[in-house]
Amino acid sequence: MNAAELYLDLLKKCLTRYLWEDDLQPFNPEEYGSTLKKKLKSEVTTWLNDRGIELYRRSPFNREARELGRDWPLNAESMIGLRRLENLQYCIRTIIEDDIEGDVIETGVWRGGASIFMKGALEAYQNKEKLVWCADSFEGLPPPDEENYPADKIATWHTNRELAISIDIVKENFKKYGMLDERVKFLKGWFKDTLPEAPINSLALIRLDGDMYESTMDALNNLYHKLQPGGVLIVDDYGLPEDTCRKAIHDFRTSNGITEPIIDIDGWGAYWRRDRLVSHPVLV
């Protein structure tokens, strides 16, 4: 490997804490006991969190789970695993080699790891033009809008405080890796509010990580028409067992006549390349 590839390999393993083999996981009451016990443990956990006390459980480091993004790293900037970061590196390299016009964006950035990696890859491949857009509420996920998006009625991510990472923390994470500069742009708020007016002219890569049907559809409706031919659409949550994101993807593709093949990454993430011009997406 050349210096750029070695740097990006190290960056991936740092962002996921793959090198540290940490053995602590955030405590999730939903994983334990009956419904009543889960409720009681959830209330106790909330009471402790409100007082600045967080619970964790010890779990032997699982190398395969960290590669596939199936565990929840305690301190890592990214939970998507090495395989999806490797795919992201491939996609960044491809759009640069193929001279695809436009910026890159991630919708749903959590602690910023994948967005940091996108900026690192652009730097490693000596691209000085593309901007990195980071779209997130920076307050966690929204409660499900069951009336307008019934597919989200099973969604409970809005109750998970671990997903509510402030914009200041994300910016500090960018700084730690030397990646925060004028080419990194932040869109703070719900996607339905920020993406329609986002000052983005064209995109070479879109990375969706919104988990929910509504969040996925908001991003697609407002961004896909800006994705240039040859550009890449990555779906982090395509394999979620809840089948919220995947349903949004298939509904959007069907409504807009998108037939480019969906390519699996790791049994969870997936992507496709836009290979032709299509009309402006119809809102669904």
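Under the 4.5 Å side-chain criterion, counting only non-hydrogen atoms from C-beta, L208 is in contact with I206. Inter-residue side-chain proximity for Y149 and D218 is flagged as met; some heavy-atom pair is nearer than 4.5 Å. The side-chain heavy atoms of E86 and D266, taken from C-beta on, include no pair separated by under 4.5 Å. Proximity of N87 to I234: side-chain heavy atoms (C-beta onward) are separated by under 4.5 Å at one or more points. No side-chain heavy atom of L203 sits less than 4.5 Å from a side-chain heavy atom of V104. Between Y238 and H250, the closest side-chain pair of non-hydrogen atoms falls below 4.5 Å. At a threshold of 4.5 Å between non-hydrogen side-chain atoms, the residues I105 and D103 do not count as touching.
Remark: S115 OG to K185 NZ distance equals 14.5 Å, nearest 0.5 Å. In this structure, CG on L240 lies 15.0 Å from NZ on K247, to the nearest 0.5 angstrom. Between D71 atom CG and E64 atom CD the span is 11.0 Å, to the nearest 0.5 Å. Distance NZ/K12 to OG/S78: 12.0 Å, rounded to 0.5 Å. To the nearest 0.5 Å, atoms CH2 (W72) and CG (L163) are separated by 4.0 Å. Atom CD of E214 sits about 11.5 Å away from atom OG1 of T244, to the nearest 0.5 Å.
Distance alone, capped at 3.5 Å, is enough to place a donor-acceptor pair between the D237 side chain and the G210 backbone. With hydrogens and angles disregarded, no donor-acceptor distance shorter than 3.5 Å links the side chain of S215 to the backbone of D211. Without hydrogens or angle criteria, R253 side chain to E260 main chain gives a donor-acceptor distance under 3.5 Å. When atom types are taken as modelled, the side chain of R274 and the backbone of L233 share no donor-acceptor pair closer than 3.5 angstrom.
Hydrophobic cluster membership is shared by V132 and I169, with clusters built from Ile, Leu, Val, Met, Phe, Trp and Tyr side chains linked at under 4.5 angstrom. The hydrophobic cluster containing W20 does not contain L74, counting ILVMFWY residues as joined when their side-chain heavy atoms lie under 4.5 angstrom apart, directly or transitively. Under a hydrophobic clustering in which Ile, Leu, Val, Met, Phe, Trp and Tyr are joined whenever their side-chain heavy atoms come within less than 4.5 Å, directly or via other members, Y7 and Y90 fall into the same cluster. No continuous path of hydrophobic side-chain contacts links L15 to F61 [ILVMFWY only; heavy atoms under 4.5 Å]. No continuous path of hydrophobic side-chain contacts links I116 to L82 [ILVMFWY only; heavy atoms under 4.5 Å].
Between E21 and R66, none of the side-chain N atoms (NZ, or NE/NH1/NH2) sits under 4.0 Å from a carboxylate O, so this pair counts as no salt bridge. In this structure, R111 does not pair ionically with E172, as no charged nitrogen and carboxylate oxygen lie closer than 4.0 Å. Salt bridge annotation for R273-D98: present, with a cationic side-chain nitrogen under 4.0 angstrom from a carboxylate oxygen. Here D243 pairs with R246 in a salt bridge; the nearest charged N to carboxylate O distance falls below 4.0 Å. The existence of a salt bridge linking E77 and R17 is confirmed by a sub-4.0 Å separation between a basic side-chain nitrogen and an acidic carboxylate oxygen. With respect to D181 and K119, a salt bridge is recorded, a charged nitrogen being found less than 4.0 Å from a carboxylate O.
Sequence neighbours left out, the pairs with a member in residues 170-193 that pass ring pair (Phe, Tyr, Trp, His ring centres under 6.0 Å) are F174-F186.
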Run the side chain to side chain donor-acceptor pair (under 3.5 Å) check on Y213 and E242 step by step: do they pass?
CA-CA 10 Å; Y213 185 102; E242 288 84 358; over 6 Å; no
W110 and D209: CA distance, side-chain angles, deciding distance, side-chain contact (heavy atoms from CB on, under 4.5 Å) verdict:
CA-CA 9 Å; W110 193 46; D209 196 356; over 6 Å; no
Where do L68 and W268 land on the side-chain contact (heavy atoms from CB on, under 4.5 Å) test, with the steps shown first?
CA-CA 8 Å; L68 297 174; W268 200 317; over 6 Å; no
As a quick check of understanding, evaluate side-chain contact (heavy atoms from CB on, under 4.5 Å) for L85 and I80, giving each step before the final call.
CA-CA 7 Å; L85 285 175; I80 70 173; 3.6 Å; yes
Verdict with supporting geometry, C134 and V170, side-chain contact (heavy atoms from CB on, under 4.5 Å)
CA-CA 10 Å; C134 305; V170 174; 5.7 Å; no
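Residues passing the salt bridge (charged side-chain N to carboxylate O under 4.0 Å, His left out) test with E106 are R207, sequence neighbours excluded. A search for side-chain hydrogen bond (donor to acceptor under 3.5 Å, both in side chains) contacts involving D9 returns K13, not counting sequence neighbours. Residues passing the ring-ring contact (aromatic ring centres under 6.0 Å, His included) test with Y18, sequence neighbours excluded: none. When the side-chain hydrogen bond (donor to acceptor under 3.5 Å, both in side chains) test is applied to Q228, no partner is found at least two apart in sequence or on another chain. A198 is linked by a side-chain contact (heavy atoms from CB on, under 4.5 Å) to L187, I200, counting only residues two or more places apart in sequence or in another chain.
The local environment of CG in N201 is sparse, with at most 12 non-hydrogen atoms from other residues, nucleotides or ligands closer than 6.0 Å. For K153, the NZ atom is loosely surrounded, since the number of other residues' heavy atoms within 6.0 Å does not exceed 12.
Of the residues L205, I92, I95, the one that meets the side chain to side chain contact (heavy atoms under 4.5 Å, CB included) test with K130 is I95.
Between Y224 and W272, the ring-plane angle classifies as tilted under the 30° and 60° cut-offs.
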